[in-house]
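Every chain is numbered from 1 and lettered A, B, ... according to where its sequence line falls, protein lines coming before strand lines. Predicted model, so just to flag it, every value in this text is computed and none were measured.
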There are 2 protein chains.
Amino acid sequence: MGSSTGGRPPVMADVAKAAGVSHQTVSRVLNDHPNVRAETRTRVLEAIDRLGYRRNMVARALVTRHSRTLGVVSFDTILYGPASTVYGIEQAARDAGYFVSIVSLRTIDRAGMRDAVNYLIEQGVDGIVVVAPQRSAASALEDLSPGIPIVAVEGGHTGRVPVVCVDQAEGARLATAHLLELGHETVWHIGGPQDWLEAEGRIEGWRDVLTAAGRKIPDVLPGDWSPRSGYTAGKHLAGMADQISAVFVANDQMALGVLRAFTEEGVRVPDQISIVGFDDIPESEFFSPPLTTVRQDFGAVGRHSIDVLLGQIEEGAAEVLERFVVPPDLVVRGSSAPPGA
Amino acid sequence: MGSSTGGRPPVMADVAKAAGVSHQTVSRVLNDHPNVRAETRTRVLEAIDRLGYRRNMVARALVTRHSRTLGVVSFDTILYGPASTVYGIEQAARDAGYFVSIVSLRTIDRAGMRDAVNYLIEQGVDGIVVVAPQRSAASALEDLSPGIPIVAVEGGHTGRVPVVCVDQAEGARLATAHLLELGHETVWHIGGPQDWLEAEGRIEGWRDVLTAAGRKIPDVLPGDWSPRSGYTAGKHLAGMADQISAVFVANDQMALGVLRAFTEEGVRVPDQISIVGFDDIPESEFFSPPLTTVRQDFGAVGRHSIDVLLGQIEEGAAEVLERFVVPPDLVVRGSSAPPGA
DNA sequence: TTCGGTAGTGTTATCGCTAACATTCTCACT
DNA sequence: AGTGAGAATGTTAGCGATAACACTACCGAA
C-alpha cells in the first residue's frame, strides 16, 4: 500500500527504518529466527504490511546459494503422458515448498539438452528433473556432469543418474497375460516410436509373456503414438483379421486409431479381435467399445522424483543412484474378451 | 572442465585472472559489448571454456533488476486446452529469449491466485501470463495490482488487464451455422462448466446464430468438459432422439461421451443426429465417426500473449489494455450431415 | 560482587554481477 | 611532435539480502 520510499518498491532497510530496528532484525523476523522479542516481531510485521514489502528472493538466493526452485526439462509436453508427469512433478515440488522452472524442448538432441540444463543451472535452480522418455534424451543426459542434483523420469538406467519410472515391462506383461488368460492363442503388438524407452519396455514385457507361454511371437507393427499410426496399423491388421484374435497397442491414442480402422473394415471388437491399450487417458473409458488398458500413476512418479531429488539436495546424499519403479495397473473394460465370443 | 579454483564453481573473477584481464572485461565479453578487442575477446572466451565458467544469472538479475524469466499461472494443466496454451506460451517465450516459471494451481480462489502472483514477483519475473479460463480466476486477477506487466489468456476482458483469447463465440457460430446450413431445424447444446468463460462464449455464439435464424432455442444441457458428463447428456438426448437432429457439444471430450451414449442406445451418427465438437483434440479425427469440430490455434494464442507482455515489459507501454482475439476454424468431418441422411 | 551464559539486537562483510566513472592506449590530424 | 577523440580496459560502488561476529542487558551461580 503506502510507500514512503519514493516510487521504487521498499527494501528491507526501509522496513527496518519504519520499525525502528536494524535490517538484520527484519531478516530474522522473515526467517523465523527464534531470538526476536515478540513485541519487536509484531512491530516489524506491521511495518512490512504497511509498506507492502516483499522480500527480494533474488538477493536472498545470491547469498544463500539456493533458490528453492527446481528445474524441469521436458519434451512433447502436450502428449498425455509427459503432460501428466510434469503436472505431477510440479504439484509434488510445490507441496515440498519448491517451485519449478520449466523448459520444453522441441527437439531432442545433445545440444538442446545441454543448453536446457545449463540454462537452469545458470538460473540457480537447486536441482533438475529431466523427463527423458527417449533413448536419445537419456543418453544426452548421461554425458552431462552438471554438478548439481539431477533425476531422470522415465529415462533409461545407465548408472550415473537416478531414475524414477513406471514399470513399462510389467504393464505390458499385465496386458499380454490378460489376453492370454482370456484364451487367445497369441497377441499382436503395435509399438511406439523406436527411440522411446517406454516403447521398448512395453515390447519387452509383451515378448516375455509370450515367450514364457511358448506362444508364437508376431512381428511388431510400427507406430509413433499418434492415432493415425494406429489407424494405419489397424488397417493392416484388418486385412488379416482371420489370423488375429488379440492386439496389445502401446498407447491408447493408437488404440483409438485401431478401433477406427476396425470399425471401417467391419472388424468387430472384442468379438473378432480383442484390444488392450496403455496409459488410460480420460477418453479411453468412452471409446466404442470402452478400452481395456494399463493405467500409470503419474502423480506417484512426480512425487517419487521430487523425493529422490530433494534427498540429494537436502541430505546431500551424493551417490543415490537408485531406480524407483512405480507399478502400473490393468483396467479391464469392454475391448477385451475371450476369442470368438 | 579443469578448475583451479579449489572446488567451488569458478566466478567471473577467476575467468578474469585466467585471461589476464579485469572482471569487467569478462562481463563485457559476455554481454557483447562492442568495445572489446577481438584478441581479448577470444582470450576471455577461451578462459571461460577452459574453466567451465557459467555466469550466475542470480547475481546478474540482482543488479540489472530483470531476469528474462516470465511467470505463468495456470489451472488444470492436464486438460488439452490449457496444456496446449501453456506449451504455446513457453515456446513463444523461449523464441523471444525468455524462460518461464510455471505455477499450476489446484484450486481457483483469490488466495491461491494472490499467492501465485506474489511468489512469481518475489522470484523476480519480468512479467506474468495468467491462464485464467474461469470467471473466478479472471476476477481474482482483477483485484490484484501487482505492479508488474501482466496478461490474461482466455480471461474475461474487464479493463485492467490485457487479454489474449480465441474467439469462442465465433467458433460456436461457425459450428451452429454449419449445422443449420446442412438443413437442421435447430441445434441442441451441451455446455461446459458454468464458471468457464469459454463455456459461456460458446453458448453465446450458439444462441446468436439460432436467434438470428429465428429458430427454437433448446435448453442447454450441463457438462463439465469430461467425457462422462457428455455421456450422461448423451443418454438423455438419446431418450428423445426423435425430436433432435443436431447437437453442438462444447468440447471434443464430451462429444466422445455423447458418441458413446448414442452408440449404446443405437442412435446413428450422423444419420439420425449430427454432432459438432470444439477443440480438435488429436483424437477427434479417429472417433467413430470422425468428429466435425472447431479448431483453436493455441500456438497463436501463446505467441500473442508473449507479444503483448513483452510490449509492456520492453517498450514500457503502460496502458495497453487491449484484447487480442484469435479466430477459430471449423473442421468438417463425418459426424455432421444433412438431417435424415 | 563478579562472572559466564544467553537472549536480543546491531554492524560489517559478502554473495557475483553490472553501472558508472576513471584511466590508459591508439591513431588521425594539425 | 602535440593534441584530442574515441576505443579498450580498469576501478569502485552498489544491487538487497544473509552470515558472522560484536555488543548490550539481564539472569543465576559462585
Requested in this report: Test side chain to side chain contact (heavy atoms under 4.5 Å, CB included) on I78(B) and Y80(A) and set out the steps.
Outcome: CA-CA 7 Å; I78(B) 302 191; Y80(A) 178 77; 3.9 Å; yes
Query - Worked verdict on R54(A) versus N118(B) for side-chain hydrogen bond (donor to acceptor under 3.5 Å, both in side chains) - result: CA-CA 8 Å; R54(A) 269 196 286 248; N118(B) 277 345; 2.5 Å; yes
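The aromatic rings of F99(A) and Y119(B) sit parallel to each other, their planes meeting at less than 30°, with 60° as the upper class boundary.
No donor-acceptor distance shorter than 3.5 angstrom exists from the side chain of R94(B) to the backbone of V103(A), with no hydrogens or angles considered. Under the 3.5 Å distance criterion, the side-chain polar atoms of R43(B) are matched with a main-chain donor or acceptor of A19(B).
Of all the residues in residues 29-43 of chain A, P34(A), N35(A), V36(A), R37(A), T40(A) reach under 4.0 Å from DNA chain C with at least one non-hydrogen atom. Remark: L62(B), V63(B), R65(B) in residues 55-68 of chain B come within less than 4.0 Å of DNA chain D through at least one heavy atom.
A 4.5 Å side-chain heavy-atom check between D95(A) and R303(A) finds every atom pair outside the cut-off. By the 4.5 Å heavy-atom criterion applied to side chains, S27(B) and R55(B) are not counted as neighbours. Looking at V73(B) and L141(B), their side chains never come closer than 4.5 Å, going by heavy atoms from C-beta outward. V117(B) has its side chain out of reach of L120(B): every pair of non-hydrogen atoms, C-beta onward, lies at least 4.5 Å apart. Looking only at side-chain heavy atoms (C-beta outward), L310(A) and Y98(A) come within less than 4.5 Å of each other.
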For residues 58-67 of chain A, run the donor-acceptor check on the side chains, cut-off 3.5 Å, and write out each pair with its distance to 0.1 Å, sequence neighbours left out.
{"residue": "R60(A)", "atom": "NH2", "partner": "N31(A)", "partner atom": "OD1", "Å": "2.6"}
{"residue": "T64(A)", "atom": "OG1", "partner": "R60(A)", "partner atom": "O", "Å": "2.9"}
{"residue": "T64(A)", "atom": "OG1", "partner": "H66(A)", "partner atom": "N", "Å": "3.3"}
{"residue": "T64(A)", "atom": "OG1", "partner": "H66(A)", "partner atom": "O", "Å": "3.1"}
{"residue": "H66(A)", "atom": "ND1", "partner": "T64(A)", "partner atom": "O", "Å": "3.4"}
{"residue": "S67(A)", "atom": "OG", "partner": "T69(A)", "partner atom": "N", "Å": "3.3"}
{"residue": "S67(A)", "atom": "OG", "partner": "G124(A)", "partner atom": "O", "Å": "2.6"}
{"residue": "S67(A)", "atom": "OG", "partner": "D126(A)", "partner atom": "OD1", "Å": "3.4"}

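Residues meeting the side chain to side chain donor-acceptor pair (under 3.5 Å) test with D109(B), sequence neighbours left out: none.
In the displayed structure, R41(A) atom CZ is contacted under 6.0 Å by more than 12 heavy atoms of other residues, nucleotides or ligands.
Per the geometry, CE belonging to M12(A) stands 14 Å off P belonging to dC15(D), to the nearest Å. Note: CZ (R54(B)) to P (dC17(C)) measures 12 Å, nearest angstrom. Computed from coordinates, the D14(B) CG to dC15(C) P distance equals 11 Å when rounded to whole Å. Atom-to-atom, NZ of K17(B) to C1' of dG10(D) comes out at 16 Å; the value is rounded to the nearest Å.
Axis orientation changes by 60° from one end of the helix from dT1(C)-dA30(D) to dT30(C)-dA1(D) to the other, with each end axis drawn from 5 pairs and the value rounded to 10°.
At least one side-chain nitrogen or oxygen of S27(B) sits closer than 4.0 Å to the OP1 or OP2 atom of dT18(C).
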Would you list the protein and nucleotides 10-12 of chain C atom pairs, both N or O, that sit under 3.5 Å from each other?
{"residue": "dG10(C)", "atom": "OP2", "partner": "S22(A)", "partner atom": "N", "Å": "2.6"}
{"residue": "dG10(C)", "atom": "OP2", "partner": "S22(A)", "partner atom": "OG", "Å": "3.1"}
{"residue": "dG10(C)", "atom": "OP2", "partner": "T25(A)", "partner atom": "OG1", "Å": "2.9"}
{"residue": "dG10(C)", "atom": "N7", "partner": "R28(A)", "partner atom": "NH1", "Å": "3.4"}
{"residue": "dG10(C)", "atom": "O6", "partner": "R28(A)", "partner atom": "NH2", "Å": "2.5"}
{"residue": "dT11(C)", "atom": "O4", "partner": "Q24(A)", "partner atom": "NE2", "Å": "3.4"}
{"residue": "dT12(C)", "atom": "O4", "partner": "H23(A)", "partner atom": "NE2", "Å": "3.4"}

